Amino acid sequence: MSQYDHKKIEKDWQKEWANNQTFKAENTSDKPKYYVLDMFPYPSGAGLHVGHPLGYIASDIVARYKRNKGFNVLHPMGYDAFGLPAEQYAIQTGQHPAITTEENIKRYKEQLDRIGFSFDWSREIRTSDPNYYKWTQWIFIQLFNSWYNPQTDKAESISELVSTFEKQGYQSEELQFTSEEWIGFDEKKKSDILLQFRLAFLSETMVNWCPALGSVLANDEIKDGVSERGGYPVERKLMYQWSLRISAYAERLLQGLNTLDWTESIKDSQRNWIGKSEGCSIVFEGDEALPNSLEVFTTRPDTIFGVSYMAIAPEHELLNDLCVVEYREAALQYAEKAKNRSERERQSEVKNITGAFTGSYVNHPFTGKKIPIWIADYVLGGYGTGAVMAVPAHDARDYSFAKHFGLPILEVVQGGDVSIEVYEAKQGKIINSNFLNGLEVKEAIKAAIKAVEDKKIGKGKTNYRLRDAVFGRQRYWGEPIPVYYENGIPKTFDEKDLPLVLPEIDKYLPTETGEPPLSRAKEWTYNGYPIETTTMPGWAGSSWYFLRYMDAQNENCLLSKETVDYWQNIDLYVGGSEHATGHLLYFRFWTKFLHDIGVVPFDEPAKKLVNQGMIQGISSIIHRVNNTNKFVSVGLKNNFETSSVYIDISLVKNNEVDVEGLKKWRPSEFENAEFEFENGLFLASAEVGKMSKRWHNVVNPDDVCNEYGADTLRLYEMFLGPLQDAKPWSTQGIEGVLRFLRKLWRLFHQGENESFLLPDTEPTKSELKILHKTIKKATEDIENFSFNTSVSAFMVCVNELQDLKCNKKQILEPLIVLLSPYAPHICEELWRQAGHKESIVYANWPQFNPEFLVENEFNYPISFNGKVRFNLLFALDKDLKEIENEVLANEQTLKYLEGKPAKKVIVVKGKIVNVVI
RNA sequence: GCCCAGGUGGUGGAAUCGGUAGACACGCAGGACUUAAAAUCCUGUGGCUUCACGGCUGUGCGGGUUCAAGUCCCGCCCUGGGUACCA
């Protein structure tokens with residue numbers, strides 16, 4: 001073979017790797033371990049586009065590099081196979097989602113295989129496989145049987161809690177009973193109490209209900225007030241639901257972030273999402289007309305003397321009692337209206353200030369002054385106590401509310417001018433505040449909390465924004481929840497009866513009465529009792545999948561202790577940053593829980609996280625003259641009223657449309673259309689956006705592999721720019737990468753008839769320098785995830801070796817080992833041609849030797865006032881003072897000095913000389 | 001509004017510690033080989049100016065620190081992403 005034939009090479013090696021199970025990882029080894037994982041894909045019907053493999057290529061390079069470095073590498077892949085699109089398709093066509101999913105997975109697998117990934121497919125998992133979701137259900141049962149002990153700060157068995165109840169009863173603000181009372185409670189009462197402790201629990205909660213999808217959604221499944229999938233409106237609705245008590249882990253989820261090598265922006269997102277705020281609760285007693293007291297949470301107890309009104313949420317439980325007769329009707333009407341406003345309306349009307357006075361008052365705990373109670377929709381029912389003490393002078397929302405309704409604004413912190421604008425900074429001296437006067441804000445907060453605690457009207461408290469996660473979905477295509485109801489009491493399945501397999505049903509829609517699809521299942525009972533009909537959300541299976549890869553076939557347990565002790569947690573996790581507050585939080589939560597119950601020895605799933613950027617598509621738009629079948633080239637569109645039509649990008653080159661192709665693409669739409677050209681061309685306009693079928697701008701990696709090869713695709717995706725950046729896909733430049741591989745090939749085929757030739761002659765110093773420069777760069781760049789710059793280093797290396805006509809074994813063999821993580825097929829082929837019997841996959845990574853890079857002279861740039869004018873060669877060990885003298889004596893220097901004396905000369909060894917005039 | 005990332009040639013991007021801005025690649029222009037094409041190779045390529053040597057200018061904008069700033073500091077503008085009344 002003399003020509004570089006990527007098709008043949010890539011096909012042959014992919015077959016050979018599969019046959020030899022080259023990438024199979026052993027669960028026991030003397031080698032150090034390295035676990036590198038990609039976020040697994042949801043196998044959609046559209047197949048992979050060129051954006052999907054970006055992260056996979058990066059992680060594959062790392063996986064291959066680590067193998068060359070002598071690590072035992074775990075690099076698996078699987079499918080997040082439960083999900084909405086397959087179910088929507090099932091509703092429309094009656095096709096079972098399992099069939100659609102199977103077909104999609106097959107296609108994904110074929111596409112992935114063509115790119116030459118080094119996955120260990122023997123460990124493949126699918127979340128929809130009963131052998132997998134058996135363990136998802138098992139984890140659910142453990143969550144149900146656990147509670148969070150704030151004393152030990154970990155999850156513990158619920159049966160131990162029950163025995164404490166039996167011995168000592170329970171005392172807290174919300175709940176009190178003695179051991180005798182507990183023993184006397186009936187089963188239902190006990191169950192209800194325990195549900196308040198279980199980590200998987202049923203409760204009446206306000207949920208995000210999406211009527212179009214017929215299901216509830218978690219907060220992170222909603223974007224801009226509509227469902228993330230499908231974009232349907234979402235309402236708030238009170239439902240009896242399964243939830244997971246992630247809030248119990250809020251502090252640990254927050255603290256754990258400090259130990260992780262993740263980007264600051266992802267960690268910040270999680271910190272914001274968890275939303276820790278420290279402050280204090282304060283009870284305001286009602287005046288004589290009002291027997292009720294009102295509890296608020298505030299982070300600014302220092303401003304307590306600035307309170308001018310109380311604001312309660314429209315959902316507040318005391319609302320009814322607080323509304324006095326003369327304001328009652330108006331107030332309740334307002335509350336009703338505010339409550340029923342959808343998320344979307346609430347958002348779009350943020351600037352619209354609304355509220356209503358209840359007519360009642362509380363007394364200020366320190367001044368005794370009467371403070372009016374208002375209903376305001378900017379107060380949220382679900383956070384804190386659903387009531388706030390409003391301090392208009394030092395809170396922006398209170399400020400605008402007070403301005404709008406003419407309520408007093410009392411300055412208590414110095415530093416701003418509250419007659420003009422709000423002063424929110426936590427800085428300045430306290431004034432008008434009795435015993436807090438003169439203190440700085442920080443001291444005043446402490447003093448105020450102490451005063452509140454001394455008075456026994458409240459105490460220091462920490463709140464978290466993080467809500468418990470709603471876990472039940474009114475859908476078919478998800479894991480069944482292994483719970484049955486014995487006389488209305490929820491009980492979990494016996495572990496030996498798992499998996500609870502999804503039943504066959506005739507239709508995938510909710511029932512006419514609004515029950516989830518599973519209630520269509522016949523004889524859906526356990527020991528004669530009805531089974532839970534909601535299923536788990538999409539994030540259930542993905543919250544622990546990384547563990548199952550370690551021991552994918554284990555039938556006896558989730559994974560064996562030996563395997564998890566060996567593999568530990570993920571060393572490198574690669575995936576999109578869009579999972580910042582969803583998957584990545586649940587995934588950490590489940591890991592911490594599994595740690596608490598002794599399943600895993602670590603409490604964070606992934607040490608390092610790298611987010612690849614999105615590869616965007618470039619869509620092409622042509623312009624149709626409104627109400628006609630006439631299309632005009634883009635330069636003419638301003639002469640008409642036009643609307644945009646997206647066309648397939650394959651029909652467009654450099655914005656020029658292949659009109660004949662267009663007619664064939666959609667004959668019904670374009671065959672008889674009229675086209676108006678400009679300068680003989682029909683031009684489209686371009687737009688950068690998400691790659692999607694909808695915009696006809698999807699580029700399939702298969703096509704790129706056919707035309708250029710998988711090695712070129714891999715190198716090109718890395719060469720496009722930094723891994724983390726978003727970038728539009730364009731094939732401009734892909735030719736350069738293919739040219740580079742051909743050049744590499746020719747280095748090995750310089751003989752007669754371009755036959756393979758690799759002489760084992762001693763390399764020269766300059767050849768060794770080129771090689772070792774590349775070893776250094778390639779190694780550092782992989783460690784820094786700077787793949788784009790290492791590709792250019794390879795190009796530089798090949799260009800320089802080509803100039804030297806170097807084809808020496810001692811240079812080229814190490815080079816292809818360096819390149820093999822990026823372009824595995826061609827390197828494997830050249831490696832075998834060089835006579836190696838073993839795969840390059842396990843070849844040793846070349847050792848960098850700095851001696852080859854040692855220079856003894858340097859061509860100093862000579863600059864004058866910072867402007868470089870010329871260069872002079874000096875030995876690196878030359879005395880700096882001598883360099884200075886020689887520079888000043890140089891005749892070119894005299895020219896730039898223009899007869900003036902040099903004020904100062906700076907000589908930086910090996911860097912630069914600067915003459916200051 | 002708040003948080004995060006970013007702004008460098010015609011294009012993608014490089015410059016890892018404050019030290020020759022534009023590596024590498026695309027595109028473009030010119031040339032070599034060829035009957036021709038493909039492939040390959042060579043030369044040039046930030047802008048302005050100059051026959052040329054060279055000069056001036058240049059990393060979103062305005063200031064500053066420094067012998068020296070794409071890089072550090074202050075103040076703005078713009079783009080992309082996240083988040084949204086969390087008291």
Side-chain angles (χ1 to χ4, degrees), chain A residues 3 223-225 263-269 271-273 275-277 279 296-300 303 311 313 343 346-347 349-351 353 376-380 382-391 394-398 400-401 463-467 577-578 580-581 611 613-614 616 654 688 715-716 719-722 724-728 730-737 739-740 742-743 746 777 780-781 784 786 788-797 799 802 859-871 902-917:
Chain A
Q3 286 277 309
K223 293 260 137 53
D224 303 322
T263 61
E264 276 310 308
S265 65
I266 292 273
K267 292 204 266 186
D268 276 345
S269 297
R271 287 186 189 111
N272 291 337
W273 194 261
K276 181 178 186 174
S277 68
V296 300
F297 173 76
T298 179
T299 56
R300 295 295 302 274
T303 62
E343 283 291 313
R346 274 200 176 201
Q347 278 182 13
E349 291 172 24
V350 165
K351 301 246 146 50
I353 295 156
D377 72 345
Y378 75 83
V379 181
L380 300 178
Y383 183 79
T385 60
V388 302
M389 57 175 228
V391 183
H394 307 290
D395 180 285
R397 295 151 305 176
D398 300 343
S400 31
F401 192 88
N463 264 334
Y464 298 89
R465 207 180 81 121
L466 184 68
R467 294 276 84 94
S577 55
E578 67 273 20
T581 53
N611 306 112
M614 189 174 54
Q616 297 149 312
N654 296 328
V688 173
L715 278 167
Y716 182 57
F719 189 57
L720 270 175
Q724 296 83 353
D725 293 3
K727 51 222 152 207
S730 125
T731 41
Q732 269 197 6
I734 196 167
E735 298 275 354
V737 172
R739 259 173 232 164
F740 156 72
R742 286 198 186 121
K743 270 189 220 172
R746 278 201 307 276
K777 183 89 176 124
E780 286 171 357
D781 282 353
N784 294 327
S786 177
N788 55 328
T789 51
S790 54
V791 176
S792 77
F794 292 130
M795 289 174 169
V796 171
C797 178
N799 286 346
Q802 184 182 254
N859 200 16
Y860 282 89
I862 312 300
S863 58
F864 295 82
N865 285 343
K867 282 181 192 171
V868 175
R869 296 299 179 177
F870 57 93
N871 290 60
K903 272 192 203 145
K904 197 173 168 190
V905 179
I906 288 131
V907 183
V908 185
K909 192 183 167 189
K911 287 264 162 79
I912 203 164
V913 176
N914 192 19
V915 182
V916 185
I917 306 169

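Because the structure is a prediction, the values reported are computed rather than measured. Each chain gets a letter, A, B and so on, in the order its sequence line appears, and its residues count up from 1.
- For A/A580 against A/I266, the heavy-atom pair with the smallest separation is CB-CD1, 3.7 Å.
- Closest to the side chain of A/Y378, from the set B/A25, B/C24, B/C85, is B/C85.
- Candidate nucleotides B/C41, B/C3, B/A87 were compared by shortest atom distance to the side chain of A/N272, and B/C3 ranks first.
- Taking the P atoms as reference points, B/G6 lies 33 Å from B/C28, given to the whole Å.
- Judged by Watson-Crick or G-U wobble contacts below 3.5 Å, the nucleotide B/C56 has B/G47 as its partner.
- Between the CZ atom of A/R742 and the C1' atom of B/C41 there is a distance of 14 Å, given to the nearest Å.
- Listed by chain and residue number, A/R271 satisfy the salt bridge (Lys or Arg N to Asp or Glu O under 4.0 Å) test with A/D268 (two or more places apart in sequence, or in another chain).
- Nucleic acid contact class of A/N799 (heavy atoms, under 4.0 Å, all strands): sugar-phosphate only.
- The heavy-atom pair separating A/P861 from A/V868 by the smallest distance is CB-CG1, 3.9 Å.
- For the pair A/D781 CG and B/U16 C1', the computed distance is 9 Å after rounding to whole Å.
- A/D398 comes within contact range of no nucleotide atom at all, as no heavy-atom separation falls under 4.0 Å.
- Nucleotide B/G70 is matched to nothing when pairs are restricted to Watson-Crick or G-U wobble geometry with both distances under 3.5 angstrom.
- Looking only at distances, a side-chain donor or acceptor of A/N865 sits under 3.5 Å from a matching main-chain atom of A/I917.
- Against the 90° criterion about 0, the sugar-base torsion of B/C17 places it in the syn range.
- For the pair A/I266 CD1 and B/G81 C1', the interatomic distance rounds to 11 Å; values are reported in whole Å.
- The backbone N or O of A/V913 lies less than 3.5 Å from a partner atom in the side chain of A/S863, making a donor-acceptor pair.
- Whole-Å rounding puts the A/L715 CG to B/C24 C1' distance at 13 Å.
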> How does protein reach along nucleotides 52-73 of chain B, written 5' to 3' as B (base within reach of a heavy atom under 4.0 Å), S (only sugar-phosphate), or - (no contact)?
Replying inline: ---SSS---------BS-----

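- Side-chain proximity of A/Q732 to the nucleotides B/G82, B/C26, B/C24 is greatest for B/C26.
- Between the side chain of A/R869 and the main chain of A/I862, no donor-acceptor pair closer than 3.5 Å is present.
- Taking side-chain N and O atoms only, A/N788 has a distance below 4.0 Å to OP1 or OP2 of B/A14.
- Residue A/P722 is classed as a sugar-phosphate contact, given heavy-atom separations below 4.0 Å to backbone atoms only.
- The NZ-P distance, from A/K911 to B/A21, rounds to 14 Å in whole Å.
- For the P atoms, the distance from B/G47 to B/A23 is 13 Å, rounded to whole Å.
- Comparing B/C24, B/A25, B/A14 against the side chain of A/V796 picks out B/C24 as the nearest.
- Look at B/U11: its Watson-Crick or wobble partner, with both distances under 3.5 angstrom, is B/A25.
- Comparing the same atom, P, in B/C53 and in B/G44 gives a spacing of 13 Å after rounding to whole Å.
- Across all strands shown, B/C17 has no partner, as no Watson-Crick or G-U wobble contact with both distances under 3.5 Å is found.
- B/U79 and B/A68: their P atoms are spaced 35 Å apart (whole Å).
- Remark: P of B/U20 and CG of A/N871 are 11 Å apart, rounded to the nearest angstrom.
- Closest-nucleotide positions on RNA chain B for A/A726 and A/D268 were compared, and the one nearer the 5' end corresponds to A/D268.
- Residues A/D725 and A/K777 both approach RNA chain B. Their nearest nucleotides, taken by heavy-atom distance, put A/D725 toward the 5′ side.
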Between side-chain atoms of residues 903-911 of chain A and protein atoms elsewhere (two or more places apart, or another chain), which donor-acceptor pairs fall under 3.5 Å?
none

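- A/D725 places no side-chain N or O within donor-acceptor distance of the main-chain N or O of A/G613, the cut-off being under 3.5 Å.
- Searching all strands for a Watson-Crick or G-U wobble partner of B/G80 with both distances below 3.5 Å returns B/C4.
- Among the protein residues, A/S265 comes within range of the sugar-phosphate backbone only, with heavy atoms under 4.0 Å from sugar or phosphate atoms but none that close to a base.
- With a cut-off of 3.5 Å on both pairing distances, B/U65 has no Watson-Crick or G-U wobble partner at all.
- Atom name C1', nucleotides B/G18 and B/C42: the rounded distance is 38 Å, in whole Å.
- In textbook terms, a nucleotide whose glycosidic angle is within 90° of 0 is syn, and B/G9 is one such case.
- Side chain of A/N914 to main chain of A/G866: a donor-acceptor pair is present (N/O by atom type, distance under 3.5 Å, no hydrogens or angles).
- For B/C74 and B/G22, the C1' atoms lie 28 Å apart once the distance is rounded to whole Å.
- Ranking B/A23, B/U16, B/U20 by closeness to the A/N784 side chain, first place goes to B/U16.
- Taking atom CZ on A/F740 and atom P on B/G12, their separation rounds to 23 Å, with Å as the unit.
- Taking the C1' atom of each, B/U66 and B/G27 are spaced 39 Å apart, rounded to whole Å.
- Of all nucleotides present, only B/A32 satisfies the Watson-Crick or G-U wobble test against B/U40, with each distance under 3.5 Å.
- A donor-acceptor contact shorter than 3.5 Å is absent between the side chain of A/D395 and the backbone of A/V391.
- The aromatic rings of A/F297 and A/Y383 sit perpendicular to each other, their planes meeting at more than 60°, with 30° as the lower class boundary.
- The same atom, C1', is picked in B/C24 and in B/A14; the two are 8 Å apart, to the nearest Å.
- A sub-4.0 Å separation between OP1 or OP2 of B/C26 and a side-chain N or O of A/R739 is present.
- Between A/Q802 and the phosphate of B/C41, there is a side-chain N or O to OP1/OP2 separation shorter than 4.0 Å.
- At a threshold of 4.0 angstrom between heavy atoms, the contacts of A/F719 include nucleobase atoms, whether or not backbone atoms are also involved.
- The side chain of A/M795 approaches B/A25 more closely than any other nucleotide in the set B/A25, B/A84, B/A87.
- With rounding to whole Å, A/F794 atom CZ is found 14 Å from B/A25 atom P.
- Between A/R746 and B/U40, a side-chain N or O to OP1/OP2 separation shorter than 4.0 Å is absent.
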